[in-house]
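Read through the structure below, which is laid out as structure tokens, and then see the notes.
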Amino acid sequence: MSLHKISVQSVKGVGPAQLEKLNALGIHTVGQLFESFPSRYESYEIVDLHQAKHEDKITVAGQVVVPATNNFYRPKQSKMQFSIAVGDEVVKVVIFNRAFLKNKITLDVPVTVTGKWDFGRKTITATTLKLGIHDDNAIVPHYRSNNDIKSKTIQKIIKTAYEQYEPDINDDLPRQICDKYRLVSAADAIKFSHFPENNEQAKQAARRIKYEELLKFQLKLQVLKKKIKYTKSGFAKKADDAQIYTFLQSLSFELTSEQNRVLGEITTDLESDGRMNRLLQGDVGSGKTVVAAIAMLFVMTDGYQAAIMAPTEILAKQHLASLTAMFECLPEYRIAFLSSNVKGKKRREILQDLAAGNIHLLVGTHSLIQDDVAFSRLGVAVVDEQHRFGVAQRGKLRQKGDVIDILMMSATPIPRTLAISAFGDMDISSIKELPAGRKKVQTYVISDANLADAQTFIKETVLDKGQQVYIITPLIEESEMLEDVRNATLVFESWKATFNGIATVGLMHGRLEKDEKDDIMHDFVQNKIQILISTTVIEVGVNVPNANLILIYDANRFGLSQLHQLRGRVGRGSEEAYCILLSNATNTEAKERLGVIAASTDGFEIAEADLKLRGSGDFFGAKQSGLPAFKMAHLIEDYKILDVARQDAYDIMASDEFEHNPEFLPLRDYIERTIANENHQFD
Ligand code: ADP
Ligand code: MG
């Protein structure tokens with residue numbers, strides 16, 4: 001019986017009270033209990049000093065060479081210092097509030113200390129000090145816990161469960177894979193992750209667990225990909241070239257070679273009888289909309305309908321405006337708009353016309369996927385800012401037609417290697433260059449001390465010319481939305497006072513009603529507001545060409561890709577554009593990160609840098625991506641394992657053994673179960 005079917009209640013000693021606490025942590029089964037891996041380890045294993053890096057937390061042992069001195073800097077608060085010889089090095093030790101040990105720390109006494117290593121000063125600021133050499137390799141796991149249940153208790157319960165159920169732990173990985181990578185067994189992985197005897201065991205457990213998670217993830221994606229493409233074949237579409245030509249002729253610009261290239265990839269999909277499931281990624285302003293428009297026209301000329309869905313009303317309206325303009329040259333096509341604000345008779349009429357096939361292109365928000373929206377013959381559906389929609393929502397759209405082609409769009413460039421792995425169920429097209437003639441946004445990093453200068457600059461360079469400004473207020477954790485609003489309001493008050501009589505200042509934040517947000521945005525578009533103070537709720541795709549400066553508070557707290565997105569709000573007109581990043585961070589990492597943004601305007605390059613610096617890894621805001629939450633693996637940090645797993649998944653599925661060798665049975669079962677769970681989205 002699978003441990004995922006056995007309740008934690010069956011673990012000895014777990015009574016109703018403890019059961020409730022475990023449930024509160026999302027632990028219901030023994031399987032889940034085993035998979036509640038420690039969030040971190042505290043290590044007391046003695047390390048080789050030569051291997052230790054600056055600021056590592058390390059444990060070393062040695063003999064005292066300079067005896068302890070102690071001083072009380074406040075009553076009951078003291079600082080003790082001494083030095084020890086560790087191998088060929090003399091290390092200074094600083095430890096607080098250990099006055100009682102002072103007389104024991106004398107010449108030649110062996111001691112073991114744990115603490116933070118300052119490489120330059122050859123000093124350990126210790127948190128633990130033991131007399132004697134303690135090479136017990138101790139490493140202590142810490143669990144995500146809450147006030148009700150302690151980390152130690154969780155570990156104890158896991159220990160009991162392990163003793164009880166060890167023989168029942170199944171190994172899902174085939175022998176040959178474990179051998180190939182020298183992975184520990186499933187049972188050992190559980191043992192070593194929860195009760196490691198040393199760092200090495202914890203490391204081996206993590207290697208195995210991450211690999212298994214990522215391999216399963218890849219297998220699932222690749223099976224889904226095959227399934228979407230081939231199980232139910234789509235309809236091959238054939239475009240009317242004359243109409244496409246008319247459309248292209250009427251554009252005020254020529255497509256760039258990059259746009260042409262991705263269009264080729266898209267139309268190849270449309271022409272084939274497989275189903276398109278493609279991600280089109282390209283920087284803000286790279287011209288994805290017109291590519292989508294041509295893809296939609298392509299199927300419309302063959303008698304199909306098209307739909308484009310955007311995450312917000314503002315964005316959807318913007319698409320409506322630009323698509324309406326683009327399609328003026330082909331008046332036979334009817335375009336309609338649908339959102340939650342389209343109600344009553346109007347809405348009924350649209351739904352009727354849509355079902356009758358009298359509307360050819362539907363633009364809208366997630367209203368498009370509501371149950372009562374029925375197309376007569378939907379051929380292609382475009383999802384803009386796809387990461388803003390969940391997997392289920394995208395799946396629902398897929399059900400709006402018999403076998404429709406889907407084009408997802410994203411303005412968050414992701415390095416190709418990572419994109420292939422993370423979105424393995426989609427094909428990927430990337431627009432790598434902006435249309436020619438775009439000005440680079442000039443980017444400066446300044447500290448709060450220079451804010452007044454920046455404000456003078458804003459007045460003289462921007463406002464006096466009749467242009468507009470975005471101010472992005474400090475980033476606060478999402479859970480503290482109120483705090484966010486408070487901050488935005490403070491910034492608003494201060495800017496209003498500073499620019500009193502010079503400019504109208506508006507405030508936008510997440511707590512406003514949808515209508516209020518729309519009104520403010522509208523006023524900004526109309527230049528009734530010149531300075532828009534906003535939390536990050538302002539939309540990625542919003543286009544106000546007259547706004548040519550953006551100032552971002554606490555820039556160091558944003559991810560690089562997010563900063564790049566925000567900067568994309570400006571530089572959409574013909575005027576010089578500016579981005580001012582406010583940051584008081586003094587550490588090298590923050591400076592380096594902001595330096596990347598200041599130096600580059602290439603979204604892909606910035607994404608690569610973000611990946612290397614392992615900043616906040618904001619390609620996949622956990623909630624936004626629709627990607628699974630892993631137990632241990634991390635898509636960014638473990639992308640090397642991810643890449644290996646992707647190749648392995650491919651090889652496994654291509655081999656005969658997958659179907660016939662019983663060693664692969666657990667993986668086959670796993671895939672069948674997961675696919676069954678998700679099936680409704682892909683039928
Ligand atoms: P995004 O990829 O961010 O959605 P848009 O599709 O909104 O970008 O395009 C941004 C702007 O660039 C629009 O005003 C659009 O008309 C314009 N544009 C698109 N393609 C080209 C091109 N090949 N040459 C010049 N301008 C273009
Ligand atoms: Mg766009």
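The chain is numbered in sequence order, starting from 1. This one's a predicted model, so the numbers in the text were calculated from it and none came from an experiment. Both ligands and their constituent atoms are indexed starting at 1 by order of listing.
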Determine whether a donor-acceptor pair (N or O, by modelled atom type, separation under 3.5 Å) exists between the side chain of [X] and the backbone of [Y].
| X | Y | answer |
| --- | --- | --- |
| Asp283 | Ser286 | no |
| Gln565 | Ala411 | yes |
| Gln468 | Ile529 | yes |
| Lys400 | Gln370 | yes |

Give yes or no for whether the N/O distance cutoff of 3.5 Å, strictly under, is met between Lys288 and ligand 1.
yes

What about Val290: any of its N or O atoms under 3.5 Å from an N or O on ligand 1?
no

Which of the numbered atoms in ligand 1 are under 4.0 angstrom from any heavy atom belonging to [X]?
| X | result |
| --- | --- |
| Glu254 | 22 (C), 23 (N), 24 (N) |
| Thr289 | 4 (O), 5 (P), 6 (O), 7 (O) |
| Thr256 | 23 (N) |

For ligand 1, is any non-hydrogen atom under 4.0 Å from Leu255's backbone (N, CA, C, O), its side chain (CB onward), both, or neither?
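Near ligand 1, Leu255 shows its backbone, while the atoms from C-beta on stay back.
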
Flag the pair Phe298 / Tyr304 as yes when their ring centroid distance falls below 6.0 Å, and as no otherwise.
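Not under 6.0 Å, so no.
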
If you define the side chain from C-beta out and look only at heavy atoms, does anything of Met296 sit under 4.5 Å from Ile308?
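When only atoms from C-beta onward are counted, Ile308 and Met296 do touch, with a gap below 4.5 Å.
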
Tell me whether the count of non-hydrogen atoms from other residues, nucleotides or ligands lying under 6.0 Å of CD in Glu513 goes above 12.
no

4.0 Å heavy-atom contact, [X] with ligand 1:
| X | answer |
| --- | --- |
| Ser286 | yes |
| Ala411 | no |
| Asp283 | yes |

